[in-house]
Every structure is written in C-alpha cells, then in structure tokens.
Amino acid sequence: MDSLIVAIVERLGLAGIALLMALENVFPPMPSEAIMGSAALAIERGSLQFWPVMIVATLGTLAGNYAWFWIGDRWGYERLGPFIDRWGRWLTLEWEDVERAMVFFERHGHWVVLFLRAAPFMRTMISLPAGLAHMNTIKFCVFTAIGAALWNAILIGGMQWLSRTFENTDVVSWVIIATLVAAVVAYVWRLATWTPRSQR
C-alpha cells in the first residue's frame, strides 16, 4: 500500500502537490493531512526531498487562502452574501460560519491568521474575515505562509515518525486512507443535511 501511495505522489510531482494544497482550501474532501501524509511517505522512501515539498506545499496553501482573502477584500459583504447563499452547500459553508469567524477575527486581531493556519480548525475560514476587514495584503501573506509552513512541517514530521515507528507495516497508508474516507463521508453528510437559511 505504501508503494502505491508513493507511486501516485511521484506521478503528481511537486507541481501536483502544490495544486492539491491550493485546492484543499477550496474543496473540503481534500484534507491536507492526507496530502502531506502521502508526501511524507515519498520523502521517507527517498522519492522527494523535505524542503522542496515544504516550499511548494506552503505556496499552494498560500494561494488557496489568498483566493478567499481576495474574495472577502474585493467583494465585501454585499456580494459575498449572495455568493455563499448560492454556492455554500457545495463549499459546506454558511453565512453564519462567516459571521462567527468575523467575530473571532475582530476579537483576537490579525495574529489569528498566523496561529489558526497552524491549527486544525478554522484554518481556511479565517481568510474571509481577514479580507472583509481589509487586512494588509503583505501581512496576510506573511502570516499565512508562516502558519502554513508550521502546519505542513507538523504533518510531514508526524507521518515520518509513524512511518519509522511502524516501519514494516502499512500504518501510514491506512491513516491516509482513513483520513480521506472520513473527509468524504463528512462532506456527503453535510451536503445531505444542508438547509438554506431561508428554509430554517
């Protein structure tokens, strides 16, 4: 199983990893844990190197987050509301989520962009209120890049540790598969139970 995952990562290459990390911030069933876990396996097998993976993964994450920041910054509340009402189901995003993130952002300040990028919750969501608040673009990019690099390093390091600890097993592969399955199931459940605000 490990060999199959490594072969897929080799086929994707660094450009593929960057693209997946960008899409991970837009398409919910594509968790960074699985992407970075697969890359970590390839690093352990010698197919990829740590620093190139870290750089492209961080750049991909920055690109995906900047897309949400740009939408919040340029569109504002008036255009963002109708967009989320129309596409929120497929993004598993509701206006209440944006409002909660906005309150959190206003309460804790710009530093939450850095800290939440290295945390397992609200990592992408915080980009919207940062844009709506017209946070300085350079500051947003620097904070996002630092936080993303920390998160990616944690994921890679954790998966490498698992790979070395359970060297002769497929534990890492099953962790990756379980993460993907859980993400897809959660996404399908969210779609199936999603109700527009007007119908609540």
Side-chain angles (χ1 to χ4, degrees), residues 17-36 54-155 182-184 186-200:
I17 292 174
L19 178 61
L20 288 178
M21 290 301 287
L23 292 175
E24 179 258 338
N25 293 279
V26 178
F27 194 53
M30 198 176 293
S32 59
E33 293 84 354
I35 302 168
M36 287 293 92
M54 274 289 296
I55 291 170
V56 300
T58 300
L59 289 175
T61 302
L62 176 59
N65 278 270
Y66 181 77
W68 284 115
F69 173 83
W70 184 90
I71 288 173
D73 185 43
R74 298 299 178 89
W75 287 15
Y77 286 97
E78 291 185 1
R79 294 178 63 188
L80 184 60
F83 175 81
I84 290 178
D85 285 342
R86 180 175 181 181
W87 301 105
R89 176 175 189 169
W90 305 102
L91 298 170
T92 66
L93 179 65
E94 300 176 70
W95 187 248
E96 288 86 346
D97 299 325
V98 178
E99 290 177 330
R100 283 194 293 268
M102 194 69 200
V103 170
F104 190 85
F105 180 84
E106 291 175 344
R107 181 178 300 168
H108 298 285
H110 293 178
W111 286 100
V112 297
V113 172
L114 190 157
F115 294 125
L116 290 184
R117 274 311 315 171
F121 57 92
M122 286 183 69
R123 290 184 297 114
T124 299
M125 174 59 64
I126 202 62
S127 299
L128 267 179
L132 288 169
H134 306 296
M135 179 178 175
N136 179 272
T137 302
I138 294 176
K139 189 176 183 180
F140 171 82
C141 290
V142 170
F143 280 13
T144 299
I146 293 173
L150 288 173
W151 177 248
N152 293 336
I154 290 170
L155 292 180
V184 171
Y187 180 71
V188 172
W189 173 258
R190 178 81 167 182
L191 288 180
T193 59
W194 189 87
T195 305
R197 283 187 295 165
S198 60
Q199 297 179 16
R200 295 176 199 164

> Does the side chain of Leu93 reach to within under 4.5 Å of the side chain of Trp87, using non-hydrogen atoms?
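The answer is no, as the side chains (C-beta and beyond) never meet within the 4.5 Å cut-off.
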> Would you give the length of the straight line joining atom CG of Asn152 to atom CD1 of Ile35, rounded to the nearest 0.5 angstrom?
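The CG atom of Asn152 sits 9.5 Å away from the CD1 atom of Ile35.
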> How long is the straight-line distance from CG of Asn136 back to NE2 of His110, given to the nearest 0.5 Å?
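CG of Asn136 is found 8.5 Å from NE2 of His110.
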> Hey, what do you get for NE2 (His108) to CZ (Phe115), rounding to the nearest 0.5 Å?
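Spacing of NE2 (His108) from CZ (Phe115) equals 11.5 Å.
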> Flag the pair Phe140 / Asp73 as yes when at least one side-chain heavy-atom distance between them is below 4.5 Å, and no otherwise.
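Heavy-atom side-chain distance check fails, nothing below 4.5 Å.
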> Under the side-chain hydrogen bond (donor to acceptor under 3.5 Å, both in side chains) test, which residues partner Arg100, sequence neighbours left out?
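In terms of side-chain hydrogen bond (donor to acceptor under 3.5 Å, both in side chains), with neighbours along the sequence ignored, Arg100 is linked to Asp97.
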> Under 4.5 Å between any side-chain heavy atoms of Tyr66 and Cys141, yes or no?
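Tyr66 reaches Cys141 side chain to side chain.
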> Are Phe105 and Val113 packed together at the side-chain level, in the sense that at least one heavy-atom pair is separated by less than 4.5 angstrom?
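Contact flag for Phe105/Val113 side chains = yes.
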> Side chains of Asn25 and Met30, heavy atoms from C-beta outward: is any pair under 4.5 Å?
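No. Closest side-chain heavy atoms not under 4.5 Å.
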> So do Trp68 and Val26 actually touch side chain to side chain, heavy atoms under 4.5 Å?
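Contact flag for Val26/Trp68 side chains = yes.
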> Say you draw a straight line from CE of Met125 to CE of Met102; how long is it, rounded to the nearest 0.5 Å?
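One finds 12.5 Å between CE of Met125 and CE of Met102.
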> Take atom CZ in Arg79; do more than 12 heavy atoms of anything else shown fall under 6.0 Å from it?
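Buried by this count: over 12 neighbours within 6.0 Å.
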> Okay, side chain of Tyr187, backbone of Trp90: is any donor-acceptor separation there less than 3.5 Å?
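It does hold such a pair.
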> Under the ring pair (Phe, Tyr, Trp, His ring centres under 6.0 Å) rule, collect the residues that match up with His134, sequence neighbours excluded.
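Checked His134 against ring pair (Phe, Tyr, Trp, His ring centres under 6.0 Å); zero matches.
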> Spell out, as yes or no, whether a donor-acceptor pair under 3.5 Å connects the side chain of Trp151 to the backbone of Ser32.
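It does not hold such a pair.
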> Ignoring hydrogens, what is the shortest heavy-atom contact between Ala101 and Ile126? Give both atom names and the distance.
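It is O-CD1, 4.1 Å.
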> Which atom names give the shortest non-hydrogen contact between Met36 and Ile17, and what distance separates them?
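Where Met36 meets Ile17 most closely, the heavy atoms are CE-CG2, 3.8 Å.
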> What distance do Ile154 atom CD1 and Glu33 atom CD have between them, rounded to the nearest 0.5 Å?
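Between atom CD1 of Ile154 and atom CD of Glu33 there are 11.0 Å.
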> Stepwise, does the side chain to side chain contact (heavy atoms under 4.5 Å, CB included) test hold for Phe69 with Thr144?
CA-CA 11 Å; Phe69 173 83; Thr144 299; over 6 Å; no
> Evaluate the ring planes of Trp75 and Trp70, with Trp represented by its six-membered ring, and classify them as parallel (under 30°), tilted (30 to 60°) or perpendicular (over 60°).
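Perpendicular.
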> Go through the structure and list residues passing side chain to side chain contact (heavy atoms under 4.5 Å, CB included) with Ile146, not counting sequence neighbours.
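Partners of Ile146 under the side chain to side chain contact (heavy atoms under 4.5 Å, CB included) test: Leu114, Val142, Leu150.
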> Quick check: closest heavy atoms across Ala148 and Thr61, and the distance to 0.1 Å?
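Looking at all heavy atoms of both residues, the shortest contact is CB-CG2, 3.6 Å.
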> How about Phe83 and Leu91: do any of their side-chain heavy atoms sit closer than 4.5 Å?
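In short, these two side chains touch, coming nearer than 4.5 Å.
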> Locate the shortest heavy-atom distance separating Met54 from Thr58; write the atom from each residue and the value.
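Where Met54 meets Thr58 most closely, the heavy atoms are O-OG1, 2.7 Å.
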